[in-house]
Amino acid sequence: MLLFDAQSSVEREIFSRFSVREEYIGSSGWQFLVERSDDFKQRFRDLYFNLRELGFWAFARTRQNFILISIVEAKPHKRRNPLLYVALLVTTILSVAVSGYQLSMAYFIALGAKATFRSLATSTLEFVISLLAILGTHEMGHKLVTEKAGEKASWPYFIPGPPYLIGAGFLGIGTFGAVIMAEEPPLNRDHLFDLGASGPLAGFIASVVAAAIGVLLSPPLAAPSAVQALGQDYSIFYRMPLIISIFFALKGQSPYYSALSPILIASWIGMLVTFLNLLPAAQLDGGHVFRSFLSQRQMLALSSLVAMLMFLIGYWLMALLVLLMAFFPDPGALEEVSPLSKGRKSSLALLFLIIILTAIVI
C-alpha cells in the first residue's frame with residue numbers, strides 16, 4: 001500500500017494534468033481512467049519524469065474511448081561493477097586478436113607475400129580496432145538515443161566468443177558482439193523506434209567507412225589456389241553484401257579475386273550484424289522498430305515469418321533464435337496511446353534499404 005504522502009503526490013500529478021473518470025487499485029497497480037487530450041504525449045512525458053523522482057513508473061494504454069494510466073513502483077537502478085566492463089573488454093580484445101592474427105595470415109597468403117612480425121601485428125591490430133569500433137558504435141547509438149530521451153543505460157558490455165582458430169567457421173571471430181542495459185522501458189512509440197533504429201544505423205555507417213578503407217587495402221589475388229586451400233570457413237567472406245560489391249565495382253576490381261584485408265572482413269562482420277539486427281523479429285533491433293507500431297500478436301506472426309525466411313536462406317541458428325525469442329515478446333513502450341510520428345514511419349524505407357545493402361546469403 002502506498003504511503004499517504006506518496007499517494008497524495010501521485011494523485012496531485014495525475015489530477016493536475018488529466019481529467020480523471022475513475023481511480024482504483026487493480027491487478028496492474030494503481031490505475032486511473034482518464035479522458036483523451038490532443039497533447040497527451042507531452043503531458044504523459046512530464047508526468048512520467050515527475051513520478052520517477054517520487055519512485056514510480058507510469059504506463060498508458062488505450063481502454064475503449066479512454067486512457068488507462070497504471071502506476072507501479074519503479075525498479076531500483078542496478079549498480080554496475082566497472083571491473084566487469086574492463087574484464088569483458090580485455091577478454092574480447094584478446095579473443096578477437098587471435099582471430100585477427102589468423103585472418104591476417106590468410107591475407108598475406110592471398111597476397112603471396114611473406115608476413116613479418118611487424119606486418120602481422122599491424123594487420124591484427126587493424127582488425128581488432130575496426131571490429132570493436134563497429135560493434136561499439138552500434139551500441140553507443142542505442143545509449144545516446146536512450147539518454148537523449150532522458151533515460152539511463154549502461155556502457156557497452158563486450159561479449160567474448162570463440163576465436164577463428166578453434167574451427168568455429170566464420171562464427172569464430174572472437175566475439176558475440178556487445179550489449180547495453182537500459183535502466184527503464186522506452187518512454188513512447190517514438191523512443192522505441194529510435195532505440196531500435198539507432199544501433200543498426202550507427203553500426204552501418206561505421207561498417208561503410210571500414211568497408212571503403214578495406215576495399216582500398218584489398219588488391220587482386222596473387223595466389224588463388226592458396227586461398228582455396230584455406231577452406232570453406234574462410235571462403236564465406238567472399239559472399240559479399242551489395243554495398244561492398246558496389247565499392248569493388250567502383251574500384252574496377254572483382255571481390256571474388258581479391259585478397260581480403262582484415263579491415264574489410266571486420267566491415268563484413270559489421271554488415272552481417274546490421275543485417276541480422278534489423279530483421280523485424282522478436283527482441284532484435286528491427287523487432288523494436290516494428291513493435292513501435294504493431295501489437296504483440298502481430299509481432300508474433302511477423303517473427304514466425306522471419307524465422308521461416310531465415311531457415312530458407314541458410315540461417316538455421318538465427319531462425320531457431322528468433323523462434324525462441326518470440327516466446328519473450330517485446331512489451332512495448334510505457335505509453336502506447338500516441339501513434340508513431342509520420343517522419344519515423346517514412347524512415348522505414350531507409351531501414352529497408354540498409355537491409356538490402358547489408359544482406360549476406362550464406
Side-chain angles (χ1 to χ4, degrees), residues 83-140 155-179 203 206-207 209-211 213-215 217-219 221 223 226-241 244 258-277 315 317-318 321 360 362:
L83 293 179
L84 182 58
Y85 291 106
V86 176
L88 288 174
L89 177 59
V90 171
T91 305
T92 302
I93 289 174
L94 293 176
S95 57
V96 170
V98 173
S99 297
Y101 173 82
Q102 295 295 319
L103 293 169
S104 296
M105 286 290 293
Y107 177 55
F108 287 109
I109 290 173
L111 287 176
K114 183 178 180 180
T116 65
F117 173 81
R118 182 175 181 178
S119 62
L120 276 174
T122 300
S123 181
T124 299
L125 184 61
E126 290 173 347
F127 178 77
V128 172
I129 292 175
S130 299
L131 183 56
L132 295 190
I134 291 169
L135 298 177
T137 300
H138 178 117
E139 296 305 324
M140 286 304 295
W155 289 95
Y157 289 94
F158 285 90
I159 306 172
Y164 190 80
L165 60 80
I166 288 181
F170 76 97
L171 293 176
I173 56 175
T175 178
F176 288 118
V179 296
S207 298
V209 173
I213 297 172
V215 168
L217 297 176
S218 298
L221 280 173
V227 172
Q228 292 174 2
L230 291 172
Q232 186 176 1
D233 290 344
Y234 185 79
S235 66
I236 191 71
F237 298 118
Y238 283 94
R239 300 184 184 183
M240 298 290 179
I244 293 181
S258 301
L260 303 182
S261 161
I263 295 179
L264 181 63
I265 294 179
S267 74
W268 186 98
I269 296 168
M271 300 287 181
L272 179 65
V273 170
T274 298
F275 167 62
L276 294 178
N277 267 285
Y315 288 85
L317 182 61
M318 193 65 192
L321 181 61
I360 299 171
I362 62 173

Judged by atom type as modelled, is there a donor-acceptor pair below 3.5 Å linking the side chain of Ser95 to the main-chain atoms of Pro162? no
Using every non-hydrogen atom in the two residues, find where Gly177 and Leu135 come nearest and quote the distance to one decimal. CA-CD1, 3.9 Å
On a heavy-atom basis, which atom in Ser99 and which in Gly174 lie closest, and how many Å separate them? OG-N, 3.4 Å
Gly161 backbone acceptor or donor facing Thr175 side chain under 3.5 Å: no
In Å and rounded to the nearest 0.5 Å, what is the CZ to CG distance from Phe275 to Leu272? 8.0 Å
Euclidean distance, Ile263 CD1 relative to Ser218 OG, rounded to 0.5 Å: 8.5 Å
Please find the pair of heavy atoms, one from Ser261 and one from Gly214, that lie closest to each other, and give the distance. CB-O, 3.7 Å
Testing the basics here: between Ile360 and Arg239, what is the closest heavy-atom pair and its distance to 0.1 Å? CG2-O, 3.4 Å
4.5 Å side-chain heavy-atom contact, Ile159 and Thr92: no
Do Pro262 and Glu126 come within less than 4.5 Å of each other through their side chains, counting heavy atoms only? no
So which of Val90, Leu84, Leu88 actually passes side chain to side chain contact (heavy atoms under 4.5 Å, CB included) with Val86? Val90
Go through the steps to decide whether Ile134 and Ile269 satisfy the test side chain to side chain contact (heavy atoms under 4.5 Å, CB included), and finish with yes or no. CA-CA 9 Å; Ile134 291 169; Ile269 296 168; over 6 Å; no
Met140 to Trp155 - nearest heavy-atom pair and separation: CE-CZ3, 3.6 Å
Please walk me through it: do Leu103 and Phe237 pass side chain to side chain contact (heavy atoms under 4.5 Å, CB included)? CA-CA 11 Å; Leu103 293 169; Phe237 298 118; 3.8 Å; yes
Summary of ring-ring contact (aromatic ring centres under 6.0 Å, His included) pairs that have at least one residue in residues 85-104, sequence neighbours excluded: Tyr85-Tyr157
When you measure from the side chain of Trp268 to the backbone N and O of Tyr238, does any donor-acceptor pair fall under 3.5 Å? no
Can you find a pair of side-chain heavy atoms, one from Ile93 and one from Val128, that are under 4.5 Å apart? yes
Flag side-chain contact, heavy atom, 4.5 Å: Phe158 against Val96: no
Shortest non-hydrogen separation from Tyr107 to Ser123 and the atoms involved: CD2-OG, 4.4 Å
CD1 of Ile265 to CD1 of Ile244: how many Å apart, nearest 0.5 Å? 10.0 Å
Determine all donor-acceptor pairs shorter than 3.5 Å in which one atom belongs to a side chain in residues 112-121; sequence neighbours excluded.
residue	atom	partner	partner atom	Å
Thr116	OG1	Ser119	N	3.1
Thr116	OG1	Ser119	OG	3.0
Ser119	OG	Thr116	N	2.8
Ser119	OG	Thr116	O	2.9

